[in-house]
Structure formats: structure tokens, C-alpha cells
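Note sheet for the following structure.
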4 protein chains.
Amino acid sequence: MPKIVDHDQYRKELLLKSFDLFAERGYGSITMRQLAQGLGVSTGTLYHYFPSKQALFLQLVEELDRQDLLNFLAEAGNPPTLTERIETMFNFVAKNEDNFCKQVLLWVEFYQQEKAELSRNKAFHSSWDKTTQAIADYLQVPDKAIADFVLNYLYGLLMRGIFETETISYPEQATLLSKILVAYLK
Amino acid sequence: MPKIVDHDQYRKELLLKSFDLFAERGYGSITMRQLAQGLGVSTGTLYHYFPSKQALFLQLVEELDRQDLLNFLAEAGNPPTLTERIETMFNFVAKNEDNFCKQVLLWVEFYQQEKAELSRNKAFHSSWDKTTQAIADYLQVPDKAIADFVLNYLYGLLMRGIFETETISYPEQATLLSKILVAYLK
Amino acid sequence: MPKIVDHDQYRKELLLKSFDLFAERGYGSITMRQLAQGLGVSTGTLYHYFPSKQALFLQLVEELDRQDLLNFLAEAGNPPTLTERIETMFNFVAKNEDNFCKQVLLWVEFYQQEKAELSRNKAFHSSWDKTTQAIADYLQVPDKAIADFVLNYLYGLLMRGIFETETISYPEQATLLSKILVAYLK
Amino acid sequence: MPKIVDHDQYRKELLLKSFDLFAERGYGSITMRQLAQGLGVSTGTLYHYFPSKQALFLQLVEELDRQDLLNFLAEAGNPPTLTERIETMFNFVAKNEDNFCKQVLLWVEFYQQEKAELSRNKAFHSSWDKTTQAIADYLQVPDKAIADFVLNYLYGLLMRGIFETETISYPEQATLLSKILVAYLK
DNA sequence: AATGAATGAGCGTTCATTCAT
DNA sequence: GATGAATGAACGCTCATTCAT
């Protein structure tokens with residue numbers, strides 16, 4: 001019997017630890033050697049667990065999207081009013097803002113760089129769609145357009161956090177959005 | 001100094017023509033040779049006009065941001081009501097959606113890939129800030145938070161156009177946003 | 001010492017089974033992992049039986065050369081005339097043409113790739129010489145030059161079977177060679 | 001205008017110089033870096049002239065086969081008797097024995113290593129066939145089987161020069177072959 | 001101004017071999 | 001004896017950039 005390690009478990013461990021490394025330097029800029037060094041393994045080991053840099057990244061996307069959703073649902077509960085649900089959601093995003101920014105940045109960079117050969121690989125889009133859908137479900141708004149509205153707002157918020165020098169207050173924005181929506185839905 | 005005008009004019013011509021090439025393959029994936037070939041010049045010529053790939057791209061960012069803003073202001077006029085201004089804005093974005101998506105994609109990819117050495121170069125952020133500010137001005141809303149709100153929504157719209165399989169209707173979204181805001185501002 | 005017999009028997013079994021794998025992909029192209037997988041063992045096991053890829057191959061050469069010779073002598077008998085002996089020989093080669101082609105191909109590839117460090121290892125050359133000598137003995141021609149002549153012809157036949165699109169008929173060639181030699185030796 | 005060098009001429013120069021390097025270490029063992037160093041250029045330059053290691057080698061095959069044939073025809077003349085033609089041919093091979101051995105070795109090694117993806121590329125086989133055909137033509141023997149006979153003999157001679165410790169005398173073999181054939185054709 | 005040949009560091013990836021279990 | 005995870009040097013190849021012409 002070889003060394004007792006759960007192959008799959010170790011794979012996920014490497015995956016999760018690789019996120020910070022990707023985030024720090026970007027998908028295209030970090031090298032497999034740097035990744036390996038950062039993870040404390042050799043390049044050979046990296047390739048023992050993942051067939052390629054792209055595959056490693058794609059697995060990371062899937063895993064993180066899955067975990068993000070799980071984490072959110074675990075602590076979100078099911079508040080009675082839309083206002084509260086929006087607040088809960090914004091709180092969650094605010095708490096993990098840094099993580100989400102890094103993710104969006106990485107996903108976009110990767111998509112841009114590999115879009116040519118990504119058409120076959122639906123995993124990327126489907127993962128995003130699934131998350132978006134789950135959030136829409138959580139909000140329980142009667143009109144899908146309203147859910148879209150909130151999501152647009154949220155994704156825009158993330159973008160501005162990335163590009164603008166001046167940061168934006170999440171609680172404040174959540175309050176504003178709530179007020180606006182309540183006024184509209186009344 | 002006629003020579004300088006020619007040089008500068010040619011430089012901008014190359015810049016503008018390079019946008020489609022960047023958009024098609026991504027900043028990190030396209031090579032200077034491919035760029036040169038696509039522009040119908042040699043790599044040497046490219047380096048005669050731009051000191052580096054990064055500098056070329058940065059100049060492209062600045063130029064396009066400038067032109068986008070100019071184009072918008074040129075055709076936006078100054079409608080009397082907020083509703084109309086928002087509609088005008090959304091129409092403009094809808095008309096140029098493809099372009100804007102490509103730009104956002106490229107800007108993000110570039111930022112992500114070069115952020116390590118971008119700290120010195122403020123051009124990138126300042127260009128984005130300037131555009132954002134100009135749009136906020138155009139809307140003439142009393143409360144800055146409202147302008148932020150609209151912009152967040154807009155940027156989010158762009159993001160979702162990129163990642164989601166299902167496209168989103170701009171006119172419809174504009175109408176919704178107008179209604180919501182009118183209900184709130186009343 | 002029963003253990004040693006088992007070990008040795010198993011080693012030869014692996015050796016023989018590895019021939020087809022080497023033949024299919026070439027010495028330089030097949031990996032130890034592929035070899036192990038094809039044999040139904042782990043790489044570790046392979047290294048338990050053979051100290052290195054090169055040693056494994058060298059043992060294969062020796063074993064196959066030995067067996068080829070044994071097989072030939074077993075079925076060749078001792079026909080009274082040179083013509084018959086040549087015919088027997090050509091029949092044998094014809095029957096095993098595919099095998100011999102693969103062997104020549106592999107031996108050449110290996111020799112070419114490792115010749116730098118093969119000077120010490122005489123096994124390779126001596127194995128070839130021994131076979132050649134045995135065949136010469138079998139023919140029982142008075143003049144060594146005639147034996148050389150036949151062997152040259154045979155090895156050339158193999159080479160042309162490898163490289164040329166048009167295959168060559170062994171029986172026909174054997175008949176021709178016989179006639180020619182008989183005419184000469186008369 | 002760039003540096004004045006005839007791209008194509010320089011390519012052939014590199015090609016020819018690369019033969020000795022390939023011959024010395026083998027196709028599979030020599031690296032592009034070693035090749036570049038041996039040629040006195042950088043790896044980048046090598047790739048400027050040849051798209052890949054395989055393509056470089058294939059071009060070398062074609063070029064050498066072409067030149068060998070040209071050289072032979074240039075000095076072969078058209079002797080009146082078959083005996084003389086065979087002698088001329090064997091003299092030529094004897095004079096270039098070293099070269100031809102190296103070529104056969106390399107061609108076989110390459111073929112063995114790349115045969116999987118070589119099916120499309122007919123250049124390899126066709127080049128060999130062409131040469132073989134030209135030699136057959138030169139001999140002007142009425143019966144194709146006789147030409148085949150001579151060629152088999154020749155290729156076998158080369159093989160034995162490669163593998164056997166004891167070298168074989170070309171003039172002697174040529175004389176023998178002539179005698180044998182003359183006895184047969186009479 | 002314009003060319004494209006030249007460079008070489010560095011990339012993603014492979015694979016013979018080792019070794020803890 | 002058997003396993004397969006781990007290693008890391010080395011491979012083929014790329015590409016931003018330089019520079020002689």
C-alpha cells in the first residue's frame with residue numbers, strides 16, 4: 001500500500017490553498033512552479049493531481065462556487081421580509097467582499113484568456129448560472145426582473161470595488177437598495 | 001511641425017485598430033507579432049511607436065475611454081427629466097454593448113495580470129474614475145448615492161452580459177430602473 | 001532456492017510481455033508508467049525487477065535474440081543442400097517477418113539513442129554477433145564471404161520491408177537467391 | 001530592409017550543419033538547445049527557421065536524400081557494363097559509408113519514434129522510394145527483381161556495418177556481387 | 001522610418017527514478 | 001514483494017524586446 005493519503009481530499013486541499021496564490025498574481029501570470037512552491041510541493045506532484053494548469057483552475061472555480069453557495073445558505077436562514085433578505089445578502093457579500101472581488105477578477109481574466117477553447121467546457125458558465133439562480137431563489141421576489149435587478153446591482157458593486165480608488169460602503173448601499181425596492185414594490 | 005502630427009496621428013490609428021485584435025484574443029494571449037501582423041506593420045515598427053506592450057495597451061485604454069465619453073456626450077444632449085437621461089444612457093450602452101463588454105473584459109484581464117507593477121501607473125484608475133464621474137454628472141441627480149446606484153446597476157449589467165448564457169434586455173431594464181427610481185424619488 | 005526461480009520466471013514473463021509494448025511505441029517514446037500499466041503492475045514493481053529502463057531493454061534484447069535463435073534451430077533441421085537451407089531460413093524469416101522487423105527497428109532506435117553510454121556494455125553487439133554467427137554456421141557454406149552475402153541480403157530485405165510502401169515477396173526472393181547462388185557455386 | 005541574409009540559403013546551411021549533430025547523439029537524444037549551440041545560434045533563431053524539431057529533421061531528410069542522389073549521379077557517369085555500374089555504385093557507397101550509416105540510423109530511429117503521427121506525412125517514405133527507384137534505374141538491369149536484389153544487399157551491408165564489430169570490405173563485396181550476378185545473368 | 005532576424009529567460013509539461021508505507 | 005505518491009531536472013517551444021541594416 002502506498003502512503004496513506006486520501007487522494008481526493010489532498011486534491012481539494014491543494015485546490016483551496018491555490019486560490020490565494022492565483023489571486024495574488026493572476027491566472028496568466030502565476031507559473032506552475034510558483035504555484036507548486038507556494039503549496040509546498042513539487043511541480044511533478046502538482047501534475048500528479050491535476051492534468052494541466054487550466055484543469056486545476058477549472059476545478060478551483062467549481063469548488064469555490066460550490067463552497068460560496070453552501071456558506072451563504074448555511075448562515076442566511078430565511079428572514080421573513082425582502083428587506084431583511086437583502087440585508088442578509090449584502091452583509092454576506094460585505095463580509096466576504098475581498099474574496100468575491102478576487103474571484104470575479106480571476107474568473108474574468110481566465111475567461112478572457114481561454115475563451116477560444118472554452119466553448120466546449122460548459123462548466124464555467126453553468127457554475128455561474130447556478131449561483132446566480134440560487135441567489136435569485138433565496139430572495140423570493142415575485143418578479144424575476146427584480147431579482148435580476150438586485151444581482152446586477154451586486155455585481156456592479158463588486159466591479160467598482162475593484163476599479164475605483166474610492167471604496168463604497170456596503171451597509172449604506174444595502175439600506176438604499178432596500179428603501180428603493182420597498183418604495184417600488186409597495 | 002508637420003512630422004509630429006503625422007507620427008501622432010498614425011500612432012492613434014494603430015491604437016484604434018489594435019482594439020479588435022486585443023479583444024479577439026485577450027491582452028495576455030495576443031503576441032506583439034500577431035498585433036503587428038494584424039496591423040499590417042512589422043514588430044519593429046510597433047516598437048517604434050510604442051515602448052512596450054503594456055504601454056501600448058495603456059494608451060489604448062486612455063484613448064478609448066476618452067472617445068467613449070466624447071461619443072456619449074455628443075449624442076446624449078441634455079434631456080430635462082431623469083427618466084429620459086437614464087433612458088438615453090441605457091440606449092447608448094445598449095447600442096455599444098458589444099464594445100463595452102470587450103472593454104471591460106480587457107481592462108479586467110489587464111489589471112489582474114499587471115496589478116503588481118501597476119501601482120505606480122495611476123493612468124488606469126484615473127481614466128476609469130473620470131468616466132464614472134462624467135456619467136454621474138450627466139445624470140444630475142442630487143444625491144451621489146443615487147448616481148452610484150445607477151452605475152452599479154450598469155456595470156453589473158455588463159458583467160452579466162459577459163458571463164451568463166441568457167442575455168438581458170437593455171430597454172426593459174432601463175424602463176424598470178426608471179420606474180423604480182421615480183417611485184423612490186417622488 | 002525456490003524463491004529465486006519464481007522471481008526469475010516472473011522477470012522473464014514481464015520481459016516477454018514488454019516486447020509488444022516497446023514495439024508499438026518505440027523505446028524512446030514509451031514511458032515506464034505505460035510499460036507498467038501495460039504489464040498490469042505498478043512502476044514500483046517494474047523497478048523491483050529491473051534496475052532501469054535501459055537494463056530492462058537490454059535484458060529483452062538478450063532474451064529475444066536467444067529465443068529467436070532457439071526457435072530457428074528447433075525447426076530448421078539440417079537439410080542436405082544449400083538451396084534447401086536457404087529456403088528454410090527464408091521461410092523462417094518470412095513467417096516471423098513482423099517480429100523481426102519490430103526487433104530491428106527497436107534495436108536500431110535503442111542503439112542510436114544510447115550509443116554514447118553503450119561502449120561499456122558489450123552485451124548488445126555480442127548478442128547480434130552471436131546470432132549472425134549461428135546463422136552463418138547453419139548455412140555451412142565453405143566460403144565465409146558467401147554467408148556474409150546471404151546475411152547482407154536478409155538484413156537488407158528487412159530494412160526494405162520497414163521503409164518501402166511496396167512489400168517484397170519472401171518466397172520469390174528466396175528462390176531467386178538460391179538460383180543465383182547455385183549458378184555461382186557450380 | 002533587415003539584415004541582408006538569404007533566409008532560404010541560411011536555412012539550408014543550418015540544415016546541413018545540423019546533420020553531424022543529429023548523427024552524433026541521435027534524433028531523440030539531442031535537444032534543441034544543444035542543436036542551437038552546436039550551430040552557433042540561439043534556440044529562438046532555430047525556431048525562426050524551423051517550426052519544430054520534427055520539421056527541421058524532416059527537411060534534413062529531404063535535403064540530404066536529394067543531395068546524395070545528385071552527388072551520385074554527378075560522378076557515376078554511365079558505364080557500359082553492369083559489372084562496372086555495380087562497381088561504381090559500391091565505390092560510391094564505400095566512399096560515403098560513414099555518411100550513409102549515420103543517415104540510415106537516424107532515419108530508422110526517427111521513423112520508430114514518430115511513426116504514430118507520420119502516417120499523414122508521406123515525405124519520408126516517398127523520399128526513400130525515390131532514391132531506391134533512381135538507383136534501380138541507374139543499374140539498367142532488365143529484371144526488377146535483380147535491382148531489388150542488389151539493393152537488399154546494399155542496405156544489408158549498411159546494417160551490418162552498424163551493428164557488427166567486424167567491418168566488411170566494400171570492394172571485396174562488390175567484386176563478389178559482380179561475379180555472382182554475371183554468372184547468373186549469363 | 002521601417003524591417004525582421006536574433007536573443008534567451010522562462011513557460012507548461014514530462015518522466016525515470018526513489019521511497020515511505 | 002508491491003504500491004503509487006513524490007521528485008526535479010530537463011524538454012520543446014514561445015515571445016517581448018533589441019538592433020543592424
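Naming: A, B, ... by sequence-line order, numbering from 1 per chain. Side chains included, hydrogens not; waters and symmetry mates left out as well; all remaining heavy atoms used.
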*Using a 4.0 Å heavy-atom cut-off across all strands, classify D:L46 as base, sugar-phosphate, or nothing.*
nothing

_Show, in sequence, the C-alpha distance, side-chain angles and deciding distance for A:L60 and A:F110, and conclude whether the side chain to side chain contact (heavy atoms under 4.5 Å, CB included) test is met._
CA-CA 12 Å; A:L60 175 61; A:F110 177 78; over 6 Å; no

*How would you label the contact of D:T31 with the nucleic acid (heavy atoms, under 4.0 Å): base, sugar-phosphate, or nothing?*
sugar-phosphate

*asked:* I need the CZ-P distance between C:F57 and E:dT17, as an integer number of Å.
replied: 14 Å

*So which one's nearest nucleotide on DNA chain F is more toward 5', D:Y47 or B:P51?*
D:Y47

*Can you list the stems that DNA chain F is part of, where a stem is at least 3 pairs in a row, each Watson-Crick or G-U, with both distances below 3.5 Å?*
E:2-21 with F:2-21

*With rounding to the nearest 0.5 Å, note down the distance linking NZ in A:K53 to CG in A:L46.*
11.0 Å

_Residue D:T43, side-chain atoms from C-beta onward, closest of F:dG4, F:dT14, E:dT13_ = F:dT14

*Have a look at A:S52 and say if it touches a base, only the backbone sugar-phosphate, or nothing, with a 4.0 Å heavy-atom cut-off.*
sugar-phosphate

*Length of the CD-P vector between C:Q37 and F:dA5, whole Å*: 13 Å

*Have a look at B:F50 and say if it touches a base, only the backbone sugar-phosphate, or nothing, with a 4.0 Å heavy-atom cut-off.*
nothing

_Tell me the interatomic distance from D:M32, atom CE, to F:dG12, atom P, rounded to whole angstroms._
7 Å

*Donor on one side chain, acceptor on other, B:Q9 and B:K12, under 3.5 Å*: no

*Just checking D:L56: base, sugar-phosphate only, or nothing, at a heavy-atom cut-off of under 4.0 Å?*
nothing

*asked:* Taking the nucleotide of DNA chain E with the nearest heavy atom to each, does A:S29 or B:T45 sit closer to the 5' end?
replied: B:T45

*What is the distance from atom CG of C:L39 to atom CE of C:M32, rounded to the nearest 0.5 Å?*
9.5 Å

*Which whole-number value in Å describes the distance from B:L58 CG to F:dA16 P?*
16 Å

*A:D8 CG to F:dG4 C1', straight-line distance once rounded to whole Å*: 16 Å

*Pairwise 5' ranking along DNA chain E for A:Q34 and D:S42, keeping only the more 5' one*: D:S42

*Between atom CG in A:L35 and atom P in E:dT13, what is the gap in whole Å?*
11 Å

*Measure from OH on A:Y49 to C1' on E:dG12 and round the result to the nearest Å.*
20 Å

*Classify the side chain of A:R33 and the base of E:dT13 as holding, or not holding, a donor-acceptor pair under 3.5 Å.*
yes

*asked:* To the nearest 0.5 Å, what is the distance between CG on B:L16 and CD on B:E63?
replied: 6.0 Å

*Give the rounded distance in Å between these two atoms: NZ of D:K53 and P of F:dA10.*
15 Å

*How far apart are the closest heavy atoms of A:A55 and A:S52, and which atoms are they?*
N-OG, 3.1 Å

*asked:* Please determine whether side chain to side chain contact (heavy atoms under 4.5 Å, CB included) holds for the pair B:V104 and B:C101, giving the CA-CA distance in whole Å, both sets of side-chain angles, and the decisive distance to 0.1 Å.
replied: CA-CA 5 Å; B:V104 169; B:C101 277; 6.0 Å; no

*Please state whether the rings of A:Y27 and A:F22 are parallel, tilted or perpendicular, taking 30° and 60° as the class boundaries.*
parallel

*Residue met sooner reading DNA chain F from 5', once B:Y27 and B:G44 are mapped to nucleotides*: B:Y27

